[in-house]
Amino acid sequence: MQGTVDGFSYGLVTPAVAYLMACLGGALGLRCTMRSLLVTRSRRGRAGWLALGSAAIGSGIWTMHFVAMTGFQVRETPVHYDPLITFASLALAIVMTGVGIFVVGHRGATGAALFTGGTITGLGVASMHYLGMAGMRLNGELRYNTLTVGASVVIAVVAAIAALWAAGQVRGFLWSVGASLVMGLAVTGMHYTGMAALSVHVHDTGGTPDGESAGALLAPMMIGPLLLICLAGAVVLFDPRMVTGGRDVDPEAHRPGIPAHATASHLGGREVTRLRRHHGHPRHPGSRTPQNR
């Protein structure tokens with residue numbers, strides 16, 4: 001028997017809240033990614049920002065998915081969730097988005113890095129969704145339309161590449177907002193496209209399916225990811241570099257007697273020129289100092 005699937009049992013409330021959660025996690029994660037691109041002297045510092053960004057984005061898309069799933073029901077059967085698979089979907093989201101973000105964070109926003117990192121991140125979003133769906137327990141069988149599933153994966157990959165590109169521009173707050181809106185669109189668009197591919201064949205057997213109900217399992221599980229998103233938000237909010245957009249500069253460059261060329265490998269062209277002028281170095285190797293004229 002064909003089941004009656006309803007993904008909007010609470011109306012537009014769950015899609016709206018889900019989209020906001022995806023945008024929030026994406027905004028914090030992409031801002032952390034942008035912040036990592038400003039780190040020039042410490043690999044550990046860059047890795048720390050990228051790890052925080054990965055956790056924020058992974059938690060955001062996972063929270064989005066299961067907020068949306070609270071509005072999902074099949075009228076002919078109760079819907080429960082397997083706790084282990086549900087936890088695994090959260091871990092998968094963080095790990096795969098983390099790999100994609102680390103590619104862009106360490107290689108820069110180049111074409112190859114964006115394509116690789118965006119593809120991995122988009123596949124992470126899709127994998128989290130379908131693994132979470134595999135954790136559903138009901139008196140029936142889930143079936144998917146292959147073409148629509150493929151479209152959902154393409155949406156996730158393309159939007160993830162666009163979001164990482166926008167975050168990599170390092171042009172201020174508005175770029176990060178735009179990138180987070182694109183990321184939120186990627187996650188929610190992929191989710192509801194994937195749900196459109198779903199049909200349920202209900203079994204005639206009655207009884208209660210295994211697993212936990214959405215209210216009993218998902219609500220407590222969301223506390224951890226939400227706290228993680230709040231932590232990432234606090235770190236981003238109180239970091240001054242996120243406001244000024246300036247690069248980290250090696251403190252030794254400001255010590256008297258330290259030549260500017262000692263830190264040139266860690267600084268951009270403008271910083272090198274400024275420090276050389278400060279220490280009395282000529283602009284060009286062939287030019288003469290005033291004392292030798």
Side-chain angles (χ1 to χ4, degrees), residues 7-33 51-73 79-98 100-101 121-136 152 155-156 159-160 163 176-177 179-195 211-237:
F8 303 93
S9 60
Y10 295 106
L12 295 178
V13 175
T14 47
V17 175
Y19 178 71
L20 289 176
M21 292 307 304
C23 289
L24 178 59
L28 295 174
L30 293 173
R31 289 289 284 178
C32 291
T33 303
L52 183 61
S54 304
I57 293 179
S59 298
I61 64 176
W62 184 90
T63 304
M64 186 288 316
H65 172 80
F66 283 104
V67 165
M69 290 306 295
T70 58
F72 174 83
Q73 66 177 8
V79 178
H80 289 181
Y81 294 89
D82 181 273
L84 183 60
I85 297 179
T86 304
F87 273 114
S89 67
L90 173 60
L92 181 66
I94 294 176
V95 170
M96 288 198 68
T97 56
I101 287 174
T121 300
L123 291 176
V125 173
S127 300
M128 180 279 303
H129 172 85
Y130 289 108
L131 181 60
M133 295 297 292
M136 290 176 52
S152 70
I155 290 172
S176 296
V177 172
S180 66
L181 294 177
V182 172
M183 179 65 79
L185 182 63
V187 179
T188 53
M190 182 272 141
H191 173 84
Y192 285 105
T193 302
M195 296 304 294
E212 301 288 340
S213 66
L217 177 65
L218 300 182
M221 282 186 65
M222 289 181 186
I223 295 176
L226 287 175
L227 289 177
L228 183 58
I229 291 174
C230 292
L231 174 62
V235 172
V236 169
L237 180 64

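Atoms considered below: every heavy atom in the structure, side chains included; atoms not considered: hydrogens, waters and symmetry mates. Heads up: numbering here begins at 1 and tracks the sequence. Keep in mind it's a predicted model, so treat the numbers as computed, not measured.
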Between [atom1] of [X] and [atom2] of [Y], what distance do you get to the nearest 0.5 Å?
{"X": "I94", "Y": "I101", "atom1": "CD1", "atom2": "CD1", "value": "10.5 Å"}
{"X": "I57", "Y": "L24", "atom1": "CD1", "atom2": "CG", "value": "11.5 Å"}
{"X": "T63", "Y": "L226", "atom1": "OG1", "atom2": "CG", "value": "5.0 Å"}
{"X": "L131", "Y": "L92", "atom1": "CG", "atom2": "CG", "value": "6.0 Å"}

Of the non-hydrogen atoms in [X] and [Y], which two are nearest, and what is the gap between them?
{"X": "S180", "Y": "C23", "answer": "CB-O, 3.6 Å"}
{"X": "A68", "Y": "H191", "answer": "CB-NE2, 3.3 Å"}
{"X": "L28", "Y": "A56", "answer": "CB-CB, 4.1 Å"}
{"X": "G132", "Y": "F66", "answer": "CA-CZ, 4.2 Å"}
{"X": "A93", "Y": "M128", "answer": "CB-CG, 3.6 Å"}
{"X": "G122", "Y": "A160", "answer": "N-CB, 3.8 Å"}

Any heavy-atom pair between the side chains of [Y] and [X] that's under 4.5 Å?
{"X": "Y19", "Y": "V187", "answer": "no"}
{"X": "T121", "Y": "M96", "answer": "no"}
{"X": "H65", "Y": "H129", "answer": "yes"}
{"X": "T97", "Y": "W62", "answer": "no"}

Could you please spell out the steps behind the side-chain hydrogen bond (donor to acceptor under 3.5 Å, both in side chains) verdict for Y130 and S152?
-> CA-CA 11 Å; Y130 289 108; S152 70; 2.9 Å; yes
Is the backbone N or O of T86 less than 3.5 Å from a side-chain atom of S89, with the two atoms forming a donor-acceptor pair by type?
-> yes
Okay, side chain of T70, backbone of V67: is any donor-acceptor separation there less than 3.5 Å?
-> yes
Could you check M136 against D82 for side chain to side chain contact (heavy atoms under 4.5 Å, CB included), going step by step and ending with a plain yes or no?
-> CA-CA 6 Å; M136 290 176 52; D82 181 273; over 6 Å; no
Using ring-ring contact (aromatic ring centres under 6.0 Å, His included) as the criterion, list what pairs up with F72, not counting sequence neighbours.
-> none
Which donor-acceptor pairs under 3.5 Å do the side chains of residues 8-15 make with protein atoms, sequence neighbours left out?
from	atom 1	to	atom 2	distance (Å)
S9	OG	G71	O	2.9

